[in-house]
Asks: 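Right, I'll just put the structure down here and ask away after.
Quick caveat: nothing in here was measured; it's all calculated off a predicted structure. Reminder, nothing fancy here: chain letters follow the sequence lines and each chain counts from 1.
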Amino acid sequence: DVKVTQSSRYLVKRTGEKVFLECVQDMDHENMFWYRQDPGLGLRLIYFSYDVKMKEKGDIPEGYSVSREKKERFSLILESASTNQTSMYLCASSFPIVPGQGSPLHFGNGTRLTVT
Amino acid sequence: QKEVEQNSGPLSVPEGAIASLNCTYSDRGSQSFFWYRQYSGKSPELIMFIYSNGDKEDGRFTAQLNKASQYVSLLIRDSQPSDSATYLCAVLNQAGTALIFGKGTTLSVSS
């Protein structure tokens, strides 16, 4: 079974802190993704990466950055946490997505971040 | 901004009935479509995917795709209380790089 592990289930941080959310996958997936999920807004893509040291902005990258130094690890960084970044953060991974075919995302358990 | 639209619900059906969940998408170039189920407090898990027009069946689940109408649906036959969850429709963007999710439809199956 694919395992996507997020380092923390719950985090509480103060406004202005630098926050690191870590994600590790064990299936040698090329693609990794960070989403946030908010009530009424659904899942929104923050950043994704399709190779080591590669990154692409998703729909809502403002206030975030990412790091992918190793294939299995994808980190989301909140440079200066703000209260509007309080959310559920979900990491996912997959093999290369071939248009016209499946290549499902496998999600981690999520990190619920509260910024006070 | 490419969009994926779902009725938020809640959709309520009695046990044993057919639940029909619908999704429309705006990107005509989309080629792959996914249905995920998410239980409260849990992560999304894949139910099935479809990329050809028509129906695809997997057990009690049937996905239906109509690219001309930009419409994809999920039918759940013989609905069970354990099917009560939020169902997320996801569409692969035209660049083929990431999934765009709808906001989800909450299904409630009463026994």
Asks: Please determine whether residues V109(B) and L74(B) belong to a single hydrophobic cluster, defined as Ile, Leu, Val, Met, Phe, Trp and Tyr linked transitively by side-chain heavy-atom distances below 4.5 Å.
Replies: yes
Asks: Take atom CD1 in I18(B); do more than 12 heavy atoms of anything else shown fall under 6.0 Å from it?
Replies: no
Asks: Taking a hydrophobic cluster as the set of Ile, Leu, Val, Met, Phe, Trp and Tyr residues connected by side-chain heavy atoms closer than 4.5 Å, whether directly or through intermediates, do L11(B) and L75(B) fall within one such cluster?
Replies: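 Different hydrophobic clusters.
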Asks: Quick check on the hydrophobic clustering: are V13(B) and L21(B) connected, directly or via other members, by side-chain heavy-atom contacts under 4.5 Å?
Replies: yes
Asks: Output the distance between atom OH (Y36(B)) and atom CZ (F107(A)), rounded to the nearest 0.5 Å.
Replies: 5.5 Å
Asks: Supply the atom-to-atom distance Q37(A) CD to L88(B) CG, rounded to the nearest 0.5 angstrom.
Replies: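 Going from the CD atom of Q37(A) to the CG atom of L88(B) covers 6.5 Å.
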Asks: Report yes or no: do L92(B) and L90(A) belong to one cluster of Ile/Leu/Val/Met/Phe/Trp/Tyr joined by side chain heavy-atom distances under 4.5 Å?
Replies: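 Yes; L90(A) is reachable from L92(B) via cluster members.
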Asks: Pick one of side chain, backbone, both or neither for Q38(B), based on which atoms fall under 4.5 Å of a heavy atom in chain A.
Replies: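 When you check distances to chain A, only side chain atoms of Q38(B) fall under 4.5 Å.
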Asks: Quick one: which of A98(B), G104(B), P44(B), S30(B) has the most heavy-atom pairs under 4.5 Å with chain A, could you say?
Replies: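 Ranked by contacts with chain A, first place is P44(B).
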Asks: Sort by residue number and list every member of residues 40-52 of chain A having a non-hydrogen atom under 4.5 Å from chain B.
Replies: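 Interface residues of residues 40-52 of chain A: G40(A), L41(A), G42(A), L43(A), L45(A), F48(A).
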Asks: Within this structure, what is the OG-CE distance for the pair S43(B) and M88(A), rounded to the nearest 0.5 Å?
Replies: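 The CE atom of M88(A) is 7.0 Å from OG of S43(B), to the nearest 0.5 Å.
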Asks: Tell me, for L105(A) versus chain B, whether the close heavy atoms (under 4.5 Å) come from the side chain, the backbone, both or neither.
Replies: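 Both backbone and side chain.
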Asks: In the structure I gave you, are the side-chain heavy atoms of L99(B) and S94(A) within less than 4.5 Å of one another anywhere?
Replies: no
Asks: For residues I47(B) and I76(B): do they belong to one hydrophobic cluster (side chain heavy atoms under 4.5 Å, members Ile, Leu, Val, Met, Phe, Trp, Tyr)?
Replies: yes
Asks: Please classify the contact between E56(A) and chain B as side chain, backbone, both or neither, with a heavy-atom cut-off of under 4.5 Å.
Replies: neither
Asks: Write out all pairs satisfying side chain to side chain donor-acceptor pair (under 3.5 Å) with one or both partners inside residues 7-22 of chain A, taking only residues at least two apart or from two chains.
Replies: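 Residue pairs passing side chain to side chain donor-acceptor pair (under 3.5 Å), neighbours aside: E22(A)-S75(A).
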